[in-house]
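Report on the structure given below.
Naming: A, B, ... by sequence-line order, numbering from 1 per chain.
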Amino acid sequence: MEGIPEAIMKAGAFIGAGLAMGFGAIGPGVGEGFAAGKACEGISRRPDQAGLLTRTMLIGQAVSESTGIYSLVIALILIYQ
Amino acid sequence: METIAPKTGHQIMLDGMPLLTYQYGTVFMTILVVAVLTLVAFLWTRRLKSVPGRGQALLELIVSAFRDLVYSTMGPKDGRKYLPLIGTIFLFVWTCNMVGLIPTADIFHMLTGDTSLYVTVGTHVLEIPGCQEPSRNVNFPWALGIMTFFIMHIAAIARKGPAKYFDEYFTPHLGRFTWPLQNGFWRLAAAGLLGAIWGTLAWLIGSVVGARNSLFPYFNAAGYKFTWCTFVAASVAIAAFVWCLFRLSHEPRKVGVPNILMFPLNAIGKFAEILSMSFRLFGNIFGGAIIIALLGGMVKQVALPIFLQMFMGIFVGTIQAFVFAMLALTYITVEIQEDEVEEAVEGDGNETESVPA
């Protein structure tokens with residue numbers, strides 16, 4: 001690490017942060033959209049269970065979001081290293 | 001008079017490395033939120049009547065909503081015990097997320113020309129950066145996560161007993177010590193014996209015949225002749241062994257025996273769920289704060305920050321506080337309650353309702 005100039009290290013870190021966030025956002029985006037779509041189907045079938053379905057959907061989305069959050073954490077570490 | 005740079009945090013060093021940092025802003029805002037919540041709760045519940053007034057009706061609405069949620073997940077018996085904890089986690093995290101909506105940085109800027117507040121304590125100048133969400137600091141969710149971790153594991157040990165609790169680290173169970181009772185054991189023993197005979201024969205033949213044209217001359221370092229005969233025999237023995245293991249894994253298991261190979265996975269999983277729960281809250285709030293700062297700086301604080309605050313501050317803050325409390329509730333429920341999964345697997349599928357044609 002000592003031999004690499006500061007500017008190139010920073011550039012690499014920023015590119016890495018952008019890549020991490022960009023690719024890391026694909027999976028959670030698809031997954032959360034899928035969960036929302038399925039919840040919509042469920043609500044259209046059972047409108048009386050809308051509250052329970054929405055709650056379960058939010059929990060599921062929050063859990064499937066965690067990979068995106070991990071990539072955000074990695075991006076933050078890269079930017080603020 | 002020399003100027004002392006204002007400090008934003010106090011570092012505790014260990015062997016020359018920073019171990020902990022007390023961020024004054026975070027600690028100050030957390031204490032403030034705790035004080036406000038305590039005061040509000042005390043004032044709100046001071047005079048409770050059996051016929052509720054307007055304020056008490058709102059309070060009962062909030063509490064009963066949480067009670068229904070917790071009871072439907074845990075059942076009324078456990079739920080009664082954990083409702084205060086879950087409700088407090090939600091209210092605390094939610095208030096901490098909402099703190100960022102108070103525009104203290106702007107007020108400080110109007111009054112003093114600086115966005116932070118400076119407090120002089122002795123020779124030190126402490127910098128308190130206005131009303132920032134404490135959950136913007138990663139240590140805040142970690143503290144809550146560690147608290148949840150200890151609560152759920154101590155409750156699980158107290159509920160199930162240490163033996164049953166630690167036995168769960170070795171699930172799914174394997175019929176390891178019941179092999180002699182099963183057909184696969186004898187198959188395995190025969191294969192191992194055959195492999196040993198083949199290997200010995202191959203090693204004898206190979207050391208005599210193949211000493212000159214060794215396939216792997218690099219293995220000759222210690223005088224051991226690794227010849228192609230040895231290679232083939234060892235392959236046959238290993239293949240027989242793997243085949244037996246494969247067949248054995250399809251045998252019906254009679255008695256469950258703790259599987260020690262699952263221990264690292266389960267142990268890491270216990271920490272990972274808490275870690276991911278904490279990082280989720282931190283990442284959402286901190287990411288939201290960054291986006292608000294970036295986009296708000298782009299348009300020079302005109303109109304967009306209001307909508308950004310509405311989405312990133314109110315909506316995401318509420319959802320994440322709710323998710324944090326719900327995940328804590330779910331983890332505690334999973335940890336303390338007995339699993340009836342194995343009995344469900346035992347069913348032979350005859351219970352399915354037959355639909356009359």
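Only the side chain of B:Phe286 comes within less than 4.5 Å of a heavy atom of chain A; its backbone N, CA, C and O stay farther away. Of the atoms belonging to A:Leu52, not a single heavy atom falls under 4.5 Å from chain B. Contacts between B:Ser72 and chain A at a heavy-atom distance below 4.5 Å involve the side chain alone, from C-beta outward. A:Leu72 touches chain B through its side chain: at least one heavy atom from C-beta onward sits under 4.5 Å away, while N, CA, C and O do not.
For a heavy-atom cut-off of 4.5 Å, chain A lies close to B:Ser276, B:Phe279, B:Arg280, B:Phe282, B:Gly283 in residues 273-283 of chain B.
The distance from the CD1 atom of B:Ile319 to the CD atom of A:Glu65 is 10.0 Å, given to the nearest 0.5 Å.
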**OP:** Take A:Gln61 and B:Val323 through the test side-chain contact (heavy atoms from CB on, under 4.5 Å) and record every step on the way to the result.
**Re:** CA-CA 10 Å; A:Gln61 283 186 333; B:Val323 161; over 6 Å; no

